[in-house]
Amino acid sequence: MQTLTVEVDAAGIALVTFDDPTKPMNVVSPQWMDEFIAAIEQIATDPRIVGAILTSSKPAFMAGADLKYILGLAGGKISSAEAYKFSQKPSVAMHRRLETCGKPFVAAINGLALGGGYELALACHYRVIVDDAKAVVGLPEVTVGLLPGSGGTQRLPRMIGVEQSLAVLLEGKKVAPAEALKLCMVDAVVPATALLDTARQWLLKSPDPVRAWDKKSYRGGGGLLNPAIVQVMTFQPAIIAARTQYNYPAPIAILDCIFEGTLLPFDKALKVESKYFAHLLCGSVARNLIRTTFVNKGEAMKLARRPQGVPKSAVKTLGVLGAGMMGSGVAHVAAAAGIAVVLLDSSAELAEKGKAATVKLLAKAVERGQKTRAAADEILARIRTTADYADLSSCDLVVEAVFEDPAVKAGVTDKAEAAMPQGGIFASNTSTLPITGLAKASSRPTQFIGLHFFSPVERMPLVEVIVGADTSKATLAKSLDFVAQLKMTPILVNDSRGFYTSRVFQTFIHEGMRMLEDGVAPALIENAAKFAGFPVGPLALVDEVTVELPWKITGETAAALGAQFVKPCAYDVMRRMVEELQRPGKQYGKGFYDYPEGGVKRLWSGLSQAFPVAAAQPSVDEIKKRFLYIQALETARCLEEGVLTHPADGDVGSLLAWGFPSWTGGTLSLIDSVGVGAFVADCTRMASLYGARFSPSAWLAGRAERGDAFY
Ligand code: NAI
């Protein structure tokens with residue numbers, strides 16, 4: 001089946017329409033490239049054809065590269081020479097040929113044109129776009145660790161200026177038509193009905209098919225001789241380094257392309273671009289970003305782990321028990337997704353107070369122009385507050401977010417189930433209590449499940465779906481359908497203490513606190529974590545939630561596990577901070593940091609007395625490794641124990657739940673990037689230095705011996 005058609009009208013104008021019947025959007029696939037190269041040759045060589053219009057019969061013009069296909073090549077699967085050739089094909093045989101064939105081409109951009117789709121538009125001699133806010137243009141390659149490798153880093157700076165192009169290229173900004181016109185990223189914005197005619201009229205004026213940079217008189221490359229631009233280019237590497245800590249090679253490669261390329265003749269510049277593209281494609285960061293943030297996250301959102309054979313369902317009315325921080329957030333996102341919500345607390349006033357949080361958030365959204373007043377009112381009208389369990393009679397699903405206390409949870413489970421329909425599902429938003437234990441309070445444990453949302457719910461798109469010992473397949477399927485209704489990303493986890501996310505995240509903060517006891521300088525601990533790519537250092541993080549919280553969880557775990565309890569590595573640091581030093585955290589004005597009133601927080605000066613700093617300090621790289629590897633090891637244990645059933649859940653969850661650095665691709669992709677063998681060897685070395693928690697299990701050591709990667 002063809003991915004495009006070519007029709008030539010009486011005036012000699014060829015209309016090339018992209019329409020790949022096998023895909024929801026047109027993408028730069030190998031088949032399409034071959035067909036398009038043939039179409040360009042036809043247009044270039046047929047003397048009857050005077051010019052061509054490129055458009056699409058799908059809602060989008062072109063979405064760009066087929067990232068699933070790119071993933072098959074990324075991260076060393078092909079040599080850098082092959083990667084260079086891969087980039088040169090669309091860059092030279094397609095775009096450059098089209099641009100220099102002597103016939104004018106117009107991109108009639110009827111919808112979104114991103115990445116390779118917009119690069120194609122840039123190669124055309126004129127760009128007209130439909131006046132529709134959804135028809136965004138841009139070059140988002142940087143967000144998946146790549147750069148636009150089909151001329152994008154060369155044409156855009158030459159067309160709109162180096163400085164203007166930086167935001168588009170370095171941030172991967174998607175630009176709506178009106179702004180695109182202002183930035184000269186397109187030449188005209190017209191109503192949909194006038195799109196093809198505008199393109200035609202332009203071609204009928206016999207436009208010059210030679211681009212500015214292909215004319216002898218061209219002096220544009222000298223943009224870099226402009227002192228203002230030289231200044232921008234001088235500071236950009238430092239700005240990027242501060243933002244990315246050198247963990248992401250793509251933005252630096254983009255700068256190099258602009259810097260080197262804009263000084264060169266165009267054909268040479270395209271070679272430079274392909275060289276940098278090949279370097280990125282062969283590295284691990286692009287592969288990790290594409291696999292986790294695009295492919296695996298996309299599959300999770302399409303409910304890859306949903307059991308087969310259960311009819312698709314939708315929640316019409318949701319019950320939420322507990323209108324505190326989490327309950328009000330869940331009510332908010334559900335109402336925003338069009339679901340009617342009954343929000344229950346122990347008194348009508350408390351329930352109303354929970355709804356008030358949503359009122360406030362929506363008012364802000366209206367004020368910022370992100371929502372209309374009418375849309376906000378519609379959301380609020382869907383949330384009914386109550387203290388009466390009888391109001392749960394129509395709820396297909398109830399999410400409980402009351403206090404983290406098994407007895408309180410058991411009480412509300414009992415009352416809710418008495419009021420809910422027989423087939424209704426009861427979900428707990430507990431962050432720590434095993435689901436199988438909570439389900440003991442349920443009269444229908446097969447319909448009991450964990451739906452662990454994250455705070456703040458309206459900004460955290462992940463839900464950890466926890467299957468208890470008795471949870472049925474139908475309950476799991478319906479719960480996943482509910483997460484999809486909320487347009488959130490689910491990961492599937494089997495029941496365990498701390499489930500997956502809390503269990504692994506805990507190893508990060510424990511490791512950070514433990515380092516104090518090992519004599520590591522506090523500033524080194526905090527900064528090394530940030531250099532590794534964590535948003536916040538572990539000590540600052542613990543201060544936010546208070547040391548009391550992990551200390552309390554430690555106490556509860558000890559009580560629950562009895563003789564099997566193993567003290568966490570930060571046991572003494574937590575005990576001393578809470579009991580001895582009485583510095584429980586930010587909300588008390590004192591923790592690992594001091595919080596001077598009206599001033600900026602700073603590490604507590606007494607910290608080095610309480611935990612003496614060793615004379616010899618470890619390297620930054622060693623500290624980074626401790627943070628990254630301890631979490632990767634714990635995730636591997638989750639997979640070994642069956643808490644996780646698929647590496648993708650571990651990877652996606654780690655990025656979305658607690659901001660594990662995305663350049664790694666997630667906790668398990670990190671191991672694959674290092675190599676299982678090298679990872680196990682390094683962990684064994686660290687176990688001898690820091691303790692048995694770094695010892696790889698026999699299962700992981702076995703994988704290392706067999707060279708058995710996770711992907
Ligand atoms: P919260 O203290 O803000 O809210 C709890 C709400 O439950 C309060 O409004 C309270 O009045 C209500 N409540 C207590 N007993 C009740 C009863 N018998 N009947 C009806 N309502 C009752 O607590 P938060 O932070 O919202 O946490 C709720 C649950 O979510 C806990 O299980 C917690 O572990 C879990 N969770 C909390 C996260 C967080 O970041 N705070 C993240 C993920 C889960």
Side-chain angles (χ1 to χ4, degrees), residues 319-334 341-358 360-361 383 385-392 395 398-420 426-435 437-439 441 448-466 483 486 488 490-491 493 497-506 509 536 541-542 544-546 548-550 552-553 556-557 585-587 653 656-659:
V320 179
L321 311 184
M325 188 167 84
M326 296 305 291
S328 64
V330 173
H332 179 169
V333 294
V341 180
V342 177
L343 179 59
L344 181 147
D345 209 296
S346 35
S347 73
E349 292 73 37
L350 283 171
E352 201 49 43
K353 200 172 144 210
K355 183 173 174 178
T358 303
K360 215 166 139 190
L361 284 175
I383 304 175
T385 58
T386 185
D388 184 358
Y389 281 81
D391 288 336
L392 301 175
C395 294
V398 166
V399 174
E400 124 347 73
V402 297
F403 298 141
E404 188 78 339
D405 175 334
V408 178
K409 294 206 187 278
V412 301
T413 307
D414 196 38
K415 283 191 228 163
E417 284 185 347
M420 288 166 65
F426 190 94
S428 175
N429 180 45
T430 174
S431 42
T432 53
L433 303 166
I435 291 300
L438 292 179
F448 197 100
I449 196 164
L451 288 180
H452 181 202
F453 289 83
F454 295 79
S455 165
V457 184
E458 57 289 338
R459 276 194 275 134
M460 294 290 282
L462 185 75
V463 182
E464 189 173 20
V465 179
I466 304 130
V483 178
L486 301 180
M488 290 170 109
I491 57 165
V493 174
R497 188 152 278 280
F499 316 126
Y500 162 61
T501 57
S502 305
R503 174 171 161 181
V504 177
F505 170 67
Q506 192 167 286
I509 56 171
V536 188
L541 209 55
V542 177
E544 289 292 324
V545 294
T546 74
E548 282 173 328
L549 183 67
K552 180 169 160 261
I553 294 171
E556 285 164 0
T557 310
K586 184 179 171 184
Q587 73 186 68
L656 296 186
W658 72 94

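Throughout, residue positions are numbered sequentially from 1 according to the sequence presented. Counting starts at 1 for both ligands and their atoms, following the listed order. Because the structure is a prediction, the values reported are computed rather than measured.
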Any idea which part of Ser431 is under 4.0 Å from ligand 1, heavy-atom wise: side chain, backbone, both or neither?
both

Which heavy atom of Ser455 sits nearest to which heavy atom of Met460, and what is that distance?
O-CG, 3.5 Å

What one should report as the nearest heavy-atom pair of Ala407 and Asp405 is N-OD1, 2.8 Å

Answer with side chain, backbone, both or neither: which part of Val402 has a heavy atom less than 4.0 angstrom from an atom of ligand 1?
both

Is the side chain of Glu464 donor-acceptor paired with the backbone N or O of Thr501 at a distance under 3.5 Å, no angle test?
yes

How far apart are the closest heavy atoms of Glu404 and Ser431, and which atoms are they?
OE2-N, 3.2 Å

Does ligand 1 have an atom under 4.0 Å from some heavy atom of Gly411?
no

Min side-chain heavy-atom separation Val341-Lys355 under 4.5 Å
no

For ligand 1, which is the ligand I care about here, please tell me if His452 has any N or O atom under 3.5 Å from one of the ligand's N or O atoms.
no

Can you find an N or O of Leu321 that's nearer than 3.5 Å to an N or O of ligand 1?
no

Looking only at protein heavy atoms, what sits closest to atom 43 (C) of ligand 1 is Phe453 O, 3.1 Å

With atoms numbered from 1 as shown, which atoms in ligand 1 lie under 4.0 angstrom from a non-hydrogen atom of Ser455?
40 (O)

Checking contacts here: is it the side chain or the backbone of Lys353 that comes within 4.0 Å of ligand 1, counting heavy atoms only? Could be both or neither.
neither

Contact atoms of ligand 1, heavy-atom distance to Ala323 under 4.0 Å:
9 (O)

So do the side chains of Leu321 and Phe426 get within less than 4.5 Å of each other, counting heavy atoms only?
yes

Residue part near ligand 1, for Leu350, under 4.0 Å between non-hydrogen atoms
side chain

Within ligand 1, which atoms have a heavy atom of Val408 less than 4.0 Å away?
15 (N), 18 (N)

At what distance is the nearest protein heavy atom to atom 5 (C) of ligand 1, and which residue and atom is it?
Ala401 O, 3.6 Å

Side chain to side chain contact (heavy atoms under 4.5 Å, CB included) partner of Trp658, the single match among Leu541, Val504, Leu462:
Val504

Is the closest side-chain heavy-atom distance between Leu438 and Thr413 below 4.5 Å?
no

Which residue supplies the protein heavy atom nearest to atom 3 (O) of ligand 1, what is that atom called, and how far is it?
Met325 N, 3.0 Å

Which residue owns the protein heavy atom closest to atom 18 (N) of ligand 1, what's the atom, and how far is it?
Val412 CG1, 3.5 Å

I'd like to know if atom 30 (O) of ligand 1 has any protein heavy atom within a distance of less than 4.0 Å.
yes

Nearest protein heavy-atom contact for atom 21 (N) of ligand 1: which residue, which atom, what distance?
Asp345 OD1, 3.3 Å

Measuring from Ile435:CD1 to His452:NE2, what's the distance to the nearest 0.5 Å?
9.5 Å

Which protein heavy atom lies closest to atom 2 (O) of ligand 1, and at what distance to 0.1 Å?
Phe403 CE2, 3.5 Å

Would you mind listing which atoms of ligand 1 come within a distance below 4.0 Å of any non-hydrogen atom of Lys409?
31 (C), 32 (O)

Identify the heavy atoms of Gly319 and Leu392 that sit nearest to each other, and give their distance.
CA-CD2, 4.1 Å

In this structure, does ligand 1 have an atom that sits under 4.0 Å from one of the heavy atoms of Glu400?
no

The atoms of ligand 1 lying under 4.0 Å from a heavy atom of Tyr389, numbered in the order shown, are 19 (N)

pair Val465-Leu451: side-chain heavy atoms closer than 4.5 Å:
yes

Nearest to atom 27 (O) of ligand 1, what protein heavy atom do you find, and at what distance?
Met326 CG, 3.8 Å

Looking only at protein heavy atoms, which one is nearest to atom 4 (O) of ligand 1, and what is the separation?
Gly324 CA, 3.2 Å

Can you check whether Asn429 has an N/O within less than 3.5 Å of an N/O in ligand 1?
yes

Please determine whether salt bridge (Lys or Arg N to Asp or Glu O under 4.0 Å) holds for the pair Lys552 and Glu556, giving the CA-CA distance in whole Å, both sets of side-chain angles, and the decisive distance to 0.1 Å.
CA-CA 6 Å; Lys552 180 169 160 261; Glu556 285 164 0; 3.4 Å; yes

I'd like to check Val412 versus Tyr389 (side-chain heavy atoms, cut-off strictly below 4.5 Å). Are they in contact?
yes

OG1-CD distance between Thr386 and Glu352, expressed to the nearest 0.5 angstrom
10.5 Å

